[in-house]
Every structure is written in C-alpha cells, then in structure tokens.
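Notes for the one structure printed next.
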Protein chains: 4
Amino acid sequence: MDFRSDNTRGAATEILAALSTANEGPRTPYGEDAQTQRVEAKLKEIFETDLAAFLVATGTAANSLGLAVLTPPWGVIYCHEGAHIAVDECGAPEFYSGGAKLVTLAGADGRISASKLERLLPAGQGFVHRAQPAAVSLTQATEAGTCYRPAQIGAIAEVTRRYGLHLHMDGARFANALVFLGASPAEVTWRVGVEVLTFGVSKNGALAAEVVILFDRRLASEFAFRRKRAGHLISKGRVLSAQVEAYLRDDLWLKLARHANAMAQQLSAGLAALPGARLVHPTEGNEVFVQLGEPAIQALTAAGFQFYRWPEDHSTTLRLVTSFETTPKEVAALIAIVRQHTHDIDTRAGAAS
Amino acid sequence: MDFRSDNTRGAATEILAALSTANEGPRTPYGEDAQTQRVEAKLKEIFETDLAAFLVATGTAANSLGLAVLTPPWGVIYCHEGAHIAVDECGAPEFYSGGAKLVTLAGADGRISASKLERLLPAGQGFVHRAQPAAVSLTQATEAGTCYRPAQIGAIAEVTRRYGLHLHMDGARFANALVFLGASPAEVTWRVGVEVLTFGVSKNGALAAEVVILFDRRLASEFAFRRKRAGHLISKGRVLSAQVEAYLRDDLWLKLARHANAMAQQLSAGLAALPGARLVHPTEGNEVFVQLGEPAIQALTAAGFQFYRWPEDHSTTLRLVTSFETTPKEVAALIAIVRQHTHDIDTRAGAAS
Amino acid sequence: MDFRSDNTRGAATEILAALSTANEGPRTPYGEDAQTQRVEAKLKEIFETDLAAFLVATGTAANSLGLAVLTPPWGVIYCHEGAHIAVDECGAPEFYSGGAKLVTLAGADGRISASKLERLLPAGQGFVHRAQPAAVSLTQATEAGTCYRPAQIGAIAEVTRRYGLHLHMDGARFANALVFLGASPAEVTWRVGVEVLTFGVSKNGALAAEVVILFDRRLASEFAFRRKRAGHLISKGRVLSAQVEAYLRDDLWLKLARHANAMAQQLSAGLAALPGARLVHPTEGNEVFVQLGEPAIQALTAAGFQFYRWPEDHSTTLRLVTSFETTPKEVAALIAIVRQHTHDIDTRAGAAS
Amino acid sequence: MDFRSDNTRGAATEILAALSTANEGPRTPYGEDAQTQRVEAKLKEIFETDLAAFLVATGTAANSLGLAVLTPPWGVIYCHEGAHIAVDECGAPEFYSGGAKLVTLAGADGRISASKLERLLPAGQGFVHRAQPAAVSLTQATEAGTCYRPAQIGAIAEVTRRYGLHLHMDGARFANALVFLGASPAEVTWRVGVEVLTFGVSKNGALAAEVVILFDRRLASEFAFRRKRAGHLISKGRVLSAQVEAYLRDDLWLKLARHANAMAQQLSAGLAALPGARLVHPTEGNEVFVQLGEPAIQALTAAGFQFYRWPEDHSTTLRLVTSFETTPKEVAALIAIVRQHTHDIDTRAGAAS
C-alpha cells in the first residue's frame, strides 16, 4: 500500500506489452525509426498543431534540456519555490543552461501569480550587471497537487510576452491536470502561450519516458544537439518510442490519469470528512496533502502504508500520491485507519484547549 | 540482414523477460531498491573486488560521467583519434567535465601505445598556461574491432601512474573483448590499472543500460551528484536494474558476446578467403572491417544488406557488425554475395594493372 | 561632487606614481616577478600568517574565482540578499563554479545571522536530489555600509564548520571595515574562520586591482589554473603588483580608508541632525544610506551632486559613498543643501498630516 | 637585453602619461565614460566602418569572449596547431564557450590554408553525433612571426562563408602585421571576411589593454553580458580607455610597431648572414625564429641575453622577440655574440661531416 509517489510503480500492462512487440527485428537506431516518427505525428494530432517532439528517459533531462533552449547562461528562470526544477534536481537546470539563475516565488497552492511575477521583472532588464529575465517555468499539475487554469497560464504568458521572456511547462503530471481541467491539450499549452512542454509519461504508467514538446520548431535543431551532447539520445530508440506510442494509443494516457485522479478524489473526500484531518491544498490531480494527528500517522505506518511527510521529515502533513494502480480498496483501508485514530486526536485536541 | 551496428537490435529474450518480472509491485525509486543493490553485489563478485556501480541508460552518459570524476575542467583527456568519446558524442565529455580538452592520438588498429602517449605528457605539467594532462581513455574493444591485451593496458597504466593521470576504459563492447582475450574481468581492468570502467550492456543484448564501475569507491559520492544533476538517475530504477541483473545471470553476457564474436569470426574468415576482399584490421571482437570492390558493395546493398562504409560515406571499406542475433545463415549469405562479385573486381583490377 | 560610488574616482597619487616607477625595464611576465612576490610577503606580514595571494583586476573576478575553489558545480553558496555576488555580477559566481546555486538570506543592515543560516542547512545534506550546501559568503563592509563584528563572523564560521561548509569574504571595502572595527586583519579573517578573502584595492584608491587571499595554501594550485583559464592572469603583471605594493606601503590603504570613513561620519552626523533626513542603516564604513524628501533630492541634483537612489531608481533613499578624495567641503555643501530643503519637507509633511 | 617577449616590457611613455592625465576627477564607471566612447569612435574611423568595441585587460579574455559569441557549446573552432588559443590559454576558449572543441591544423610558417581547412569541414555538418563546425580563428601576426596576406584571409573566409562558419582573428600582434603588410586595417579584417578581431594593445606598448572589435554590432549585446559575467568589465574604465586612446592617437600604435618590426628585420638580416644561423620562418613581424648552434646559445645566455628556446626547452631554435623598446645596440650586440660563436659551430659541423 504505497502512496509515496507515482514513480514507485512499474508500467501499465499495455506499455509493457508494447516493449515486447517493439523488440522484434533490426531498426535504425538513435530515434531515426518509424515508430518515433509516428509518435511525433500522433502528438501533432493530439495538440492540434505543428510541433517537434523529443523523447528522453527522465523528467530532469526533459525539463533541463527544455529550459536550456529558452535561456542564455546569464538568464533568470522564474518558478514556484516548491518547483521540482528548483528543489529536486540537484541544480540540473543550472548545469544544462551553463549557469542560469533560478529565482523562486512563493504562491498559494503551488501556483505563481502573474501579478507577483510582474513585480519582479522590470528591474535590471538590459542592465549588464544583472542576470537577465529569460523564462518562466510552470508545473502542471503543481507540486501541491493543484492545476493552473488556462486563464491563469494565459495571464502569466501575457506578462512573459510583454517582457520578452519564454514560457516553459513542467508537465510531469500533465495528464492528471488535463483530466481535472477537462480541457484539451492545446487549451492549456500553446494556445495560452506555453512554448516548451515536458509531456510527462513515466509517472502515469510508463517505465521511463518523457517527451519534450517544442511548439516552436525553430528550437529543434539546437535541442537535438543538446540532447545528444548530454547523453540523452538513446541508441535503441524503440525503448522510448514503444512506451510513448502505447501511452497515446486509444487515450490510454487519459484513462490512466482518470483512474489515478478518481482515487485521489475518493481519498481526499474520505479524509476531509474526518474531524482530525485537514486538507492542506485542494485535490485537483493525483496528490492529496492532508494534515493528520501524529497517532494517525503512526497507525498508518504500523498498518504498512508508505507515504512521505511533507515538505519535511518532521511534518505532520502527508503527501499521498495515487497512481494508475491504486485500488479503491487501498484508499478505503487508508481512510479507515485514519478514522480509527482521529478520535484520539480530537480528544487530545480537546484536552489541550 | 542488418550489419550496421549492434545497436540496431532489440533485447535478448532473457532481458526482455526480466523487465516483465520486475514490473510487479511498488518499489523504492531512484536506484534505492534491492535489485540495484544485487546488481552491485554481483559485479563485485564478477570483478573480484570492491567497487561502486552506477546504472545509466546510455554509453555517452556513462563515458562522460566517468571521465568527469577523473578530470578537472582544465584537464586533458588522451584517447585514440577514432574513439567514440572524441568523434561520436557531440562534445559530451567537454560538456560534463566543464570544458576539458580531448587530445587524440593516432595508432594502428584503433589502439594507442604507451610510448606515444608518454612522448606527449611531460610538456606543460604544472605550467599554468597549458591545459593539464588528467586522464587517458581506452576503448575495449576498440573502434577498429581489436582488443587491448592486458599487458598493453598495463604499460599505459604505468605511464599514467608515473605522470599522475587517471585511467578510464570505455567498455561499450567489453564483453566481446573479454571473450576474445579469454581473460577475467579483473585481469583487464583494475589489476592492470583501470580506475573507471563503462561496462557496456546495451550493445550486447539489453535495450538501454550501461554500468559505470568505479574501482575507487571514494569517487562514488561525487559521481552520484553528477549523475542526478545530469538527469541520468532514472526514477523507476527497475528499468535498468532488471536488464543488468538478467544480463549478468548465468553468464548470459558472455554467452551473447561469444555468439556475436563467433559470427564475426565466420564472417571475417569467409571474406579473407576471397581474392577481392581485404581485411583492414584483425577481427578480435564483433566487428569486421573489410575493403571490397565497389561492385560487391553495390551487390550487397541490392541484396538487402545494411552496413556502414567506414570511416566515411564514400569509402570502400565496410564496417560489418555482428550481434547476439546474427545468424550463420546471414553471414553465409553475405559472403556468398561478395564471392559472386569479386570475380569482376579481380578482372577489373587486372585490366587496370 | 560625486557620491555615486568609490569607483568613480581615479587612483591615489602614491599608487599612480608607483605605476610609473614600475614601468622601467624588462620583467618576467605573468606574475613571476619579484614585485608580485614582495606583495605576497607583505600580505603574510599584515595578516600574520602564511597565505597565498593572487592579484586580479576586478572584484567580480576575485569573488568568482575565490568561490569557485570552495564549491562544486552542485554546491549552494549562501549570502545576503543584497550581496554584490548575488545582485550585481550578472551570474559570475554561477559561471565560474560551473553552475552552483546562490541562496540569499534576508538580514537587517546587510548582515546575515548565524541562526538564520543554520535553519537552512540541515535539509538535504548528502541527499542526491538537492544541490549541496557548500559555502557562505559575507561582505565586509556590507552592502548596507555596516560591518560584521569578529564575533558575528566567528558565530557564522562555527555553523559552517559544523556543517562542512567553507567561508568566503567579499572584502571589496575591507579596509573601510577594518578601520571602523579597529581590528587587525587577522582578527576579522582567518582567526574567526574566513578561508578565502577578496582583499579590495580598487575602490580604496587603486585603478584596477584586487587580491584573492587563500588562507589555505592547498587551494593555490587549483586557483592558479582557474585564474589563467579565465583570462585573469595579466601578462605585464607589474600593472597589478605596483598598485598593490604602493597600497600596502606605509599603511597607505588604512590612511585612505580612514579618510573615506571620516567623511562618511561627518556626512552621516550632519544629515542625522536634520529633521527631514532619516538614516536607514548605521554608518560604519564609507557609505551613508539616508532617506530624504523628494525636494531635497531634486535640490541636490540641481546643485550638481551625483548619487544613486537605493535600491531602485524611484526610491527616496540615497546611497552616498565617500572616497579617499572626498573633501570636507563637499560634505558640508551636501548637508547645507539638504538642510535648506528639509524645511519644505517638514512643512509639507505637516500639511499632509 | 630581453628578447623573451614583447610582454616583458612596460608601457610606452605616451601611454603611461595618458594614465596620469586620465586620473583626474570623477567619472562614470564601467565603461560608460566619454573616453571609452571616443575610443570606439576612433576605431570606427581607423577601420572605416561601423563596429562595436569592447575593452578588456588581457588577450586571453579578448580571444575567449570573442570566440564565445561565435560558437555554441557544441561547436568546433579550427585554428593552427601553434595558436595561442590552443596552446597557451589553459583551455580558456573551452571555458568561455561552455565546452567547444578546438581542432588544430598543421601549416607551414604558422598559417592554415583554405584548402586544408575545407577538407575538414563537410563531414558531420548537421549530424547530431558530431560537434559542429562553428568558427575559424586566425592569428595575425602568426605564432611563427609571419603574416596572413589579405588574399589568404579572403580565401579562408570564402570557405567559412560557404560552410556557415564564423571568422575570428587573434590580433595580439595586429599592428606588427599591418605595418609589414602595408595594408589598411579594413583590408585585412572585415573587407576580407573577419567578423571578430582581438585588436592587440598590450604587447605593443600598453600595460594591459586589448580591444575586442565586433564588425557585426548585433553581437554586442551578448558580448556585453558575457564580459560582465566573466569579471572583465573593469569598474574604473579609464584604466583601459586612457591606454587605448593614447595608443591610437597620432598613429602611435603604428609607430611603435614599425620600430619593433625594424629591429626584427635588422636582427633577422644580421643573423641570416651568419653561416651558423638558420632562419626557421621568414621574419615578417617582430619575432625572429633562428636555429643556432648550442655554443652560440650558451654564449648568449652567458652574455645576459634572455630568450625562449622554441617550441620547447631543449630545442636549439630560439624565438627572439623585439619590442617598441628594443634598441639597435641590443640587436647588434646579439648578432655579434652569435657571429663570434658560429665559427665554432661551422668547425664542429665540418668535423662531424
């Protein structure tokens, strides 16, 4: 009963099967095969626009390479203070960009706002002593399990356009966001100003695959050299293209995300109904952030549940992540344990007041 | 009938099956799982020494990360002029090391010699105007399909030790070399002075996996940060550990290499016996370099064979690479075609003389 | 009447004369001359310890090179949010370190505190997903014109030692701080834990010279290569050594700083006595930060005074910097203008209330 | 009697005097002063074209920054195997470019040829596995003391244009070349295809100053950020602008170079007339490369002459560099010593035959 992350899971059946199917026979290596081309064509259809698609094995590579084509070494990348690129990638964006600066913004529920961003931008543009505003990176769904609405993205894009910045989206949980928003892929990306998207695949049912989508194909040549130079062009390209093709076929990606989100909603609703549990953020994707009493947390651990305290080890807020494999039974079991131990909390809380 | 490269093939059956087996259930991500630990333990056994093993998905990443822990940004890395790191990785070692310099040496049959190396080293050591000799990288088997004998490696290591350099081995085709040499893994690596090894897996039957082996565990901490920062720490680590565990189980890796080498030997012997074919290098691994007449080359193409002219598109030398999947029938068919068309060549050659 | 910065001035007479004296005859280039050696010897005497001294032409180079030998590319450098390295050097520390991360701390009067620093450090040490705490950089005197007391530095050093970080000091205005503190150079540097010091020269009477002082000579070799590789090893080394030798001779450096500080004190005291002026930070070096009414600011400009509004162009706080050339007359003139226009302010303020 | 290098000398009288003159009064720092603007205007006049001029203190910085705006991190820079950028700058171009690759070409008398260059270029253009041809760097005068004729530069530029490369010129001894060629600055630079020029100042009579000239002003913005970020924007900009303005005033730069060249011609002619001396390269600038017998070399040392054996310490070829300060007397004295000891050589040579 693992609620630690969606990356503790293996692959969805369809995706694993696709690896076997793709294993037959020789193929032109380094992504020059027909399957890789089919994946790009399919993404053009899904996103309803021309684009360039590059497959890589990890989200860190996808984000860092995507940002590297949007910012010079003396650029500034703005993002939320909890963003994966700022907190969890050991300085990968700095490495890939040749030393760009990440400036983080606070913001409720994992989102940055257009107005807060705009207050940071004017100072120092063109002034040689300052690192230069270059890009904004949004996470969709956010690290708080929430989603940017198209209008929110558009408002931020309006600011980036006005100040000559580029707009990047880390879509490690893009499918989960899309399902929640009920929007089309185009509506939350290029139509509202996103130029480069990390289209997440791994967390939502693949083994190891992400797609960097460049809505401006002129960036493709530079990207191709950067990817190769970083060792992220896999020789037996089928290992990536097979996963992604299966992921996109018959809307599997949306189906998987829909399940994970549904599990998160059940979990969230179940917990919210308990007196001793407090939701920290609205549940909009496949992550539930809930504050519990220490006894309930300990009981969950004792019962074999796995999860992370968030954002730090001594916190009493838990991050509970559902996945394409999470079952209603697991969710119900978790809620039941918490229910059992919230009585204690209330009592204790009452005693303390 | 594909003789282009060993990376045009899929995975060996055992390795593909291992991916399915490993797919079950949740696991701790980012290489913190038991299977990854078992792989390291197994490698210690195989190499008969303590070591640190890091899994990555590509050879370019493996080589560049391995070299980056051996050289400062102002270091010089010496290698053969045909080395993959110098020719085929788009400057990846420069990127990863922060701008180190690759100095290439000519050398017969893809090998550099200890004496030639030594002549380059003394000048400029400690002299602040010069990039500083830092490491030597050997390719095993070489890009010419030959193998360094343990004594040759030892002689080079003697030089690197004397001048304070480190010794790296690009073992993209390490198994093929080992099988040819009839040596133990230890005998061609740490016992003769190799400090960091790219232990190739992909080309010899996996989908996408390489292991960087650090014989000096003190390099491990730095390596771990470099790998993560480069986006080469895969979240669902099982995708790598499953492949490598299967690769090492019951000597599968040696079995696969033995087959590929045997096919190369058949091919090489068959071609060498023909009057119009000339072997360019001795065949010691799974690569055959053969000069043919243009009619023979065209006939091969017409018959559906795939291969690269080497080192350039207009050359009449072919590089023919065999793999774990190459069949005796394919080899025989290739030889037959060439035999059929060497008559023409001889005639033409005779006419020309 | 220029109060913009101490770098709007030329060189002190003695330093300019030294350039002429040093011009005679041939010399070994690239800092291998006797004068450069004498400078290092003199600094050992002044700092009462062994050290390695490297001359460069700019403070940005001095800071960035000094930090680069203290942090790996995946390191974090902590500094005050107003620090020159974070705000005014266009990402130079990131460039020189290969992409380290600067994390800034708020703190009253330009100083960071040991306790605030300590709260940031524990999380993520050794955790491969996080950039790793590597160094702390203090500015002495600070960008707010204040000075760290030896005990404050010692307290920070106590934290850096405990967490395995290094301690760097940007001493662009080191002489001004020393004069204010009445301390010896040793007392505010290596004795309280500073490992690398940018010993500022340019701002305090030279044309273009800074010294990077490494209190741990083992860093010297790496530093030498980094300096050369960055183009900061000047061929005609005398241009630097002559300036620094003159700067250190007969305590010229302290004499120049004493004068600049005295002018700042006069200015500060004079302004503080006026009803419409408010000192924003205590005046401890050669910088006065004062909030004035807009009419007084405009009157100063009209009278030909030059200065910066701080920290931004629309602020009504001025940064007034005195130098070795500032005269009591200039100071008095400035105060007189403000006095003349503070009446208006009071009246206006009164009217507004 | 120092013939080691032109950088063992101090500054010409006029340049030193200019530093004193420029010392008076406050000035806007960071190159935003009128004198820096006058320098740029004067260079436009001298080069008869629009351009952007950036002052820095060292040749290594000038070359590396100039190359960094012409090549991406995955670019290849082609240059002569003896080029300063390849041999003497500790990897500075690699550092500044983010890891570009220097590929060196052999070539008689320090020059590369258009035809040899062209043979290297076609392979791998646009092929993602190869570092990409990006720029060619010529040294004028070359490291062999020779000069590229305008037609030779033009022929190389014709190749670079055809393959989409940029053309850089390291003009550390640009004035010496110009004087020899009797050409105008325009005729050997932008008119024949040079896009970025390091206009050398230090070696020819300044203390520490070089100008990077960008004939394409669109590169200026990027250059400005790169310079600042590297710590090569000097705060008291007058230290550079004063030197360069004096250098350009009344053709001082050409006068100084004319003298140095004349001394080299005297030296070269005098030595060439001796039976035991052999000129290794034609003398076209201010460097004489001469092979002597060991006794003559030892006698020169004994007589107090200083010089470098070239290219290595055990060579019997000397590099003798003249400067604006070299006197006819010094030249005559050197020739006299050699003449005195060439008898021995001849005798010995005769005895040996």
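Lettering of chains follows the sequences in order, A, B, ..., and the numbering in each one begins at 1. Keep in mind the model is a prediction, meaning the values are calculated, not measured.
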Who among D/Asn23, D/Thr58, D/Asp2 has the most heavy-atom pairs with chain C under 4.5 Å? D/Asn23

Would you find a donor on one side and an acceptor on the other, under 3.5 Å apart, between the side chain of C/His232 and the backbone of D/Ala230? yes

What part of D/Ala22 is in contact with chain C, defined as an atom under 4.5 angstrom from a non-hydrogen atom: side chain, backbone, both or neither? neither

Does a donor on one side chain and an acceptor on the other come within less than 3.5 Å for C/Ser64 and D/Arg229? no

To the nearest 0.5 angstrom, please state how far the NZ atom of C/Lys228 sits from the CG atom of D/Asp88. 7.0 Å

Between D/Asp6 and C/Lys236, what is the shortest heavy-atom contact and its length? O-CE, 3.7 Å

So, taking the atom named CZ in D/Arg226 and the one named SG in C/Cys90, what distance separates them when rounded to the nearest 0.5 Å? 10.5 Å

Does any backbone or side-chain atom of C/Leu65 lie under 4.5 Å from a heavy atom of chain D? Answer side chain, backbone, both or neither. neither

Per-residue contact mode, D/Ala208 against chain C (heavy atom under 4.5 angstrom): side chain

Among C/Pro93, C/Ala17, C/Ala92, C/Gly25, who wins on heavy-atom pairs under 4.5 Å with chain D? C/Ala92

Inter-residue atom distance C/Leu207.CG - D/Leu240.CG, 0.5 Å rounding: 9.5 Å

Within the 6.0 Å centroid threshold, strictly below: C/Tyr96 and D/Phe95: yes

In this structure, OG1 of C/Thr8 is separated from CZ of D/Arg238 (nearest 0.5 Å) by 7.5 Å

Would you mind telling me which of D/Gly59, D/Ala206, D/Ala62 has the largest number of heavy-atom pairs within less than 4.5 Å of chain C? D/Ala206

Among the options C/Gly237, C/Ser323, C/Pro29, C/Gly98, pick out the one with the most heavy-atom pairs lying under 4.5 Å from chain D. C/Pro29

Most heavy-atom pairs under 4.5 Å with chain C, out of D/Ser235, D/Ala57, D/Ala61, D/Ser5, belong to D/Ser235

